[in-house]
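Step one of this worksheet: look at the structure below.
Quick note on labels: first sequence line is chain A, next is B, and so on, each numbered from 1. Every value quoted in this text rests on a predicted model; they were computed, and no experiment measured them.
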Amino acid sequence: MTTEETVSKPSNFIRDIIDEDLKSGKYTKIITRFPPEPNGYLHVGHAKSICLNYGIARDYNGEFHLRFDDTNPTKEEQEYIDSIKEDLKWLGCEWGEHEYYASNYFQQLYDWAVLMIEKGLAYVDDQTADEIRDTRGTLTEPGKNSPFRDRSIEENLDLFKRMKSGEFKNGEKVLRAKIDMASPNINMRDPVLYRILHEAHPRTGNAWCIYPMYDFTHGQSDAIEKITHSICTLEFQDHRPLYDWFIKVLPVPAEPHQYEFARLNLTYTVMSKRKLLRLVKDNKVNGWDDPRMPTISGMRRRGYPPEALHDFCERIGVAKANSTVDFSLLESSIRDNLNLHAPRFMGVIKPIKAVIENYPVGQHEYFDADNNPEDPNAGTRKVKFTREIYIDADDFMENPPKKYFRLSPGAEVRLKHAYYITCKEVIKDAQGNITELRCEYDPQSRGGSSPDGRRVKGTIQWVSAEDGVKAEIRLYDHLFTVENPDKVEDGKDFTDNINPDSLQVVTDAIVEPALAELEPGTTAQFIRLGYFCKDKDSKPDKPVFNRTISLKDGWAKTLAKS
RNA sequence: UGGGGUGUAGCCAAGUGGUAAGGCACCUGCCUUUGGAGCAGGCAUUCCGUAGGUUCGAAUCCUCCCACCCCAGCCA
């Protein structure tokens, strides 16, 4: 019998194209690129593109370039450049020496623009932005030629040079390609190549006051870097003819090709930089790295492992159909990864004190607790057991329903790693709130099983009242209450769908002391509760944890069904 | 009434003329010192957007139609 070890490598239509290009000898080396505009933070949609581009370069022994598409200084900032690089590194991308900026090519692009003029393929237009818009035509009607379209080459050359030298104000003139104002593809109706922007650029400072447009920049930058497969999202499909036109008309050093795939949409969130920026600017969240944000930095702070994001990007596939992925698919990748790798600890979010009446006052002992049942190499740690402990309020019910096998009066439950205990008495305050549980333990059940072999179904976590540490816990839920936040009635917008309960802060949780020692950024499992990531806001005496994701709750499901 | 795309299960997604992969979700059991995890099974009655056609045979080829997405920035 033979078992075929098929390591599932991602397959998609782009890789199919690359396979063919390699097979036909069109290329011998594949070069891809990730081309962010530094005008915001990266989000999980970018992660999809990164995994696609970087994954291809890696799997085909090719080359991966990071290229900032920094052609619009009115929106771009160094802070964004820095954050993008940090996020890419965290995702495990290595671009080595291949860090590029479209702004590196400004001079070459300018020279090519001059060449376009010389070939009669570009002209300086004096029309205002409004006039250009009004003469562009509509989806069904052709546009009208600009009255400046037939200027002489000499005049165009002169004007363009004067645009560059700063003689004109913003908006006074633009350089346009001379293609076809009647083209059914609006992108071909004499697109603007250069606009005047008296604005300092994060990289080039005040060296330029004219900046190339995306269409005049992207393909040529690809060609300069000898990118073989320029992969972008669907909305650029209409730009491909223009992309190809520049490549054909200009003496570029290579002939790259553009391929488009569908961008990622996720339920319960928004995925446009514009909207994410708004959430940040309007203080709907606490910054770009708020753990509720779908940004890479938000997910990092939330405690999502980068490997889980890779796994997710692999699972969703790459295709051309618009789609919205269930958030639960992302959660599945997160849980799968964390289950295997996250160390386990005990903590209680809503502590109730339980006193083990028959456990001697002043006595204590240590139990060995496995750090990760999924990973024998994770080892064990000591947890301290004492007469007074805390358990979670959710693990006790005075009047439990059927099949509830946690603690209740007279019921027996197993304390994880320790003993069986039985609740003997419930102490309440004047208002009737439970303040303390009086319990008894079975000394025979040390380690969590008894010689008589009796079955105790329920196992709960606990923390010693002697060495438990107080902690702040931030419980997160979806940022929006509906699957598609953009679907709103007239007069409303996506912010009307913000979930008012997306963040709940618990300040008096109690956790094992070992958790206070964890490095910020570490994600651990709190047994039976979920995964929690130590936040950078932690203080030595007051650790702070972000709930990354809860554990699946089978009990909640059976409750819901009954 | 222009151009460019896309329609396979609740959500993603393979499939490229030979009789509908896989994952998520969901449902059943089993197991369990996390009601987690794991294991076993179920989950598109040949309706693969719809209607025709070609073919021994069609999700795959052809034709009509329908639905949805993108494009009229001196944004990317």
Residue pair K173(A)/N372(A) against RNA chain B: nearer the 5' end by closest nucleotide is N372(A)
Can you tabulate the close N/O pairs, meaning under 3.5 Å, that link protein atoms to atoms of nucleotides 66-71 of chain B?
| unit_1 | atom_1 | unit_2 | atom_2 | d |
| --- | --- | --- | --- | --- |
| rC69(B) | O2' | N322(A) | ND2 | 3.1 |

| task | Please determine if K382(A) and D368(A) form a salt bridge, counting it only when a charged side-chain N lies under 4.0 Å from a carboxylate O. | result | yes
- Message: Hydrogens and angles aside, do T128(A) and D130(A) bring a side-chain donor and acceptor to less than 3.5 Å of each other?
- Response: no
(message) Whether T267(A) contacts rC11(B) is assessed here as follows: a side-chain N or O lying under 4.0 Å from the phosphate OP1 or OP2. Is that the case?
(response) no
Each nucleotide N or O in nucleotides 47-50 of chain B that has a protein N or O under 3.5 Å away: list the pair and distance.
none

If the threshold is 4.0 Å, N to carboxylate O, is there a salt bridge linking R15(A) and D19(A)? no
### Message
Looking at K552(A), I'd like to know whether one of its side-chain N or O atoms comes within less than 4.0 Å of OP1 or OP2 on rA37(B).
### Response
yes
Original post:
I316(A) near the nucleic acid: base, sugar-phosphate alone, or nothing, with a heavy-atom cut-off under 4.0 Å?
Top reply: sugar-phosphate
Short question: side chain of R176(A), backbone of D190(A) - any donor-acceptor pair under 3.5 Å? yes
Margin query: With a 4.0 Å limit, can you tell me whether R133(A) has a side-chain N or O closer than that to the phosphate oxygens OP1/OP2 of rC74(B)?
Written below: no
request  = Would you mind classifying the nucleic acid contact of T74(A) as base, sugar-phosphate or nothing, using non-hydrogen atoms under 4.0 angstrom?
outcome  = nothing
- salt_bridge(K273(A), E37(A)) N-O dist < 4.0 Å: no
Relative to its sugar, using the 90° cut-off around 0, the base of rG42(B) is anti
- Salt-bridge test for R528(A) and D395(A): reply yes if a basic N is under 4.0 Å from a carboxylate O, no otherwise. yes
The nucleotide from rC74(B), rA37(B), rA13(B) with an atom nearest the side chain of S323(A) is rA13(B)
Remember a base hit wins even if backbone is also touched, and classify V174(A) as base, sugar-phosphate or nothing at under 4.0 Å, heavy atoms. base
*asked:* What contact category does H417(A) fall into here, base, sugar-phosphate, or nothing, at under 4.0 angstrom with non-hydrogen atoms?
replied: base
Within less than 4.0 Å of OP1 or OP2 of rC74(B), is there a side-chain N or O belonging to R136(A)?
yes
Of the listed rU6(B), rC74(B), rG15(B), the closest approach to the A321(A) side chain comes from rU6(B)
Quiz item: Q461(A) side-chain donor-acceptor pair to rG36(B) base, under 3.5 Å:
no
- prompt: If we take the P atom in both rG36(B) and rA20(B), what is their distance in whole Å?
  reply: 35 Å
Would you please classify the geometry between the Y41(A) ring and the W288(A) ring as parallel, tilted or perpendicular, with 30° and 60° separating the classes? parallel
Result for 5'-nearest mapping on RNA chain B, choosing between Q237(A) and L330(A), is Q237(A)
Rounded to whole Å, CD of E483(A) lies from C1' of rC12(B) at a distance of 13 Å
inquiry  = With a cut-off of less than 4.0 Å, is there a side-chain N or O of T71(A) near OP1 or OP2 of rC75(B)?
reply    = no
rG35(B) base stacked by W555(A) (centroids within less than 5.5 Å, tilt under 30°) | yes
* Are K557(A) and rC26(B) close enough that a side-chain N or O sits under 4.0 Å from OP1 or OP2? -> yes
Item checked: Check: E331(A)/S328(A) side-chain N/O donor and acceptor closer than 3.5 Å -> no
(request) For I132(A), answer base if it contacts any base atom (sugar-phosphate contacts may also be present), sugar-phosphate if it contacts only those atoms, and nothing otherwise; contact means non-hydrogen atoms under 4.0 Å. (result) base
- When rounded to the nearest Å, what value does the distance between P atoms of rC24(B) and rC56(B) take? 42 Å
Considering only heavy side-chain atoms of R195(A), the closest of rA76(B), rU34(B), rU16(B) is rA76(B)
Against the side chain of P373(A), the closest entry in rU34(B), rG73(B), rG35(B) is rU34(B)
**Asked** Hey, does I81(A) have a side-chain heavy atom less than 4.5 Å from the side chain of Y101(A)?
**Response** yes
**Report entry** Nearest-angstrom distance, P atom, rG57(B) to rG18(B)
**Finding:** 15 Å
Practice problem: Mind telling me whether Y110(A) and F160(A) have parallel, tilted or perpendicular rings, with 30° and 60° as the class edges? | Solution: parallel
Regarding Q127(A), tell me which of base, sugar-phosphate or nothing describes its non-hydrogen contacts under 4.0 Å with the strands shown. base
message: Work out how far the P atom of rG23(B) is from that of rA14(B), and round it to whole angstrom.
response: 15 Å
Per atom distances to the D326(A) side chain, the nearest of rG5(B), rU34(B), rC24(B) is rC24(B)
- [ ] For rU8(B) versus rG49(B), give the span between their C1' atoms, rounded off to a whole number of Å.
- [x] 10 Å
Worksheet entry | rU50(B) versus rC74(B) - spacing of their C1' atoms, nearest Å | 45 Å
Paired to rC39(B) by Watson-Crick or G-U wobble criteria (both distances under 3.5 Å) is rG29(B)
Ranking rG36(B), rA76(B), rC24(B) by distance to the side chain of L551(A), first place goes to rG36(B)
**Study point:** Phosphate OP1/OP2 of rG73(B) contacted by R274(A) side-chain N/O (<4.0 Å)
**Key:** no
inquiry  = Regarding Q525(A), tell me which of base, sugar-phosphate or nothing describes its non-hydrogen contacts under 4.0 Å with the strands shown.
reply    = base
Checklist entry - When we call it a touch if two heavy atoms are under 4.0 Å apart, what does G554(A) touch: a base, just sugar-phosphate, or nothing? => result sugar-phosphate
Q) Using 30° and 60° as the class limits, which term best fits the ring planes of Y419(A) and F367(A): parallel, tilted or perpendicular? A) perpendicular
Please work out if F405(A) contacts a base, only the sugar-phosphate, or nothing of the nucleic acid, heavy-atom cut-off 4.0 Å.
base
Open item on the list: Please check: side-chain N/O of H257(A) versus main-chain N/O of I231(A), any donor-acceptor pairing under 3.5 Å?
Closed with: no
Requested in this report: Respond yes when some side-chain nitrogen or oxygen of K561(A) is under 4.0 Å from OP1 or OP2 of rU28(B), and no when none is.
Outcome: yes
Check every strand shown and say whether N339(A) touches a base, only sugar-phosphate, or nothing at a heavy-atom separation below 4.0 Å. base
So what does V456(A) touch, heavy atoms closer than 4.0 Å: a base, only the sugar-phosphate, or nothing? nothing
* Rounding to the closest angstrom, what is the interatomic distance between rG35(B) and rA40(B) at atom P? -> 22 Å
Any strand, both distances under 3.5 Å, Watson-Crick or G-U wobble: rA67(B) pairs with rU6(B)
>> What's T138(A) touching, base or sugar-phosphate or nothing? Going by heavy atoms closer than 4.0 Å.
In response: base
Looking only at rC74(B), rA37(B), rG35(B), the nucleotide nearest the Y404(A) side chain is rG35(B)
Please answer whether the main-chain N or O of G458(A) pairs with a side-chain N or O of R414(A) as donor and acceptor at a distance below 3.5 Å. no
Quick one: are the ring centres of F532(A) and F526(A) less than 6.0 Å apart?
yes
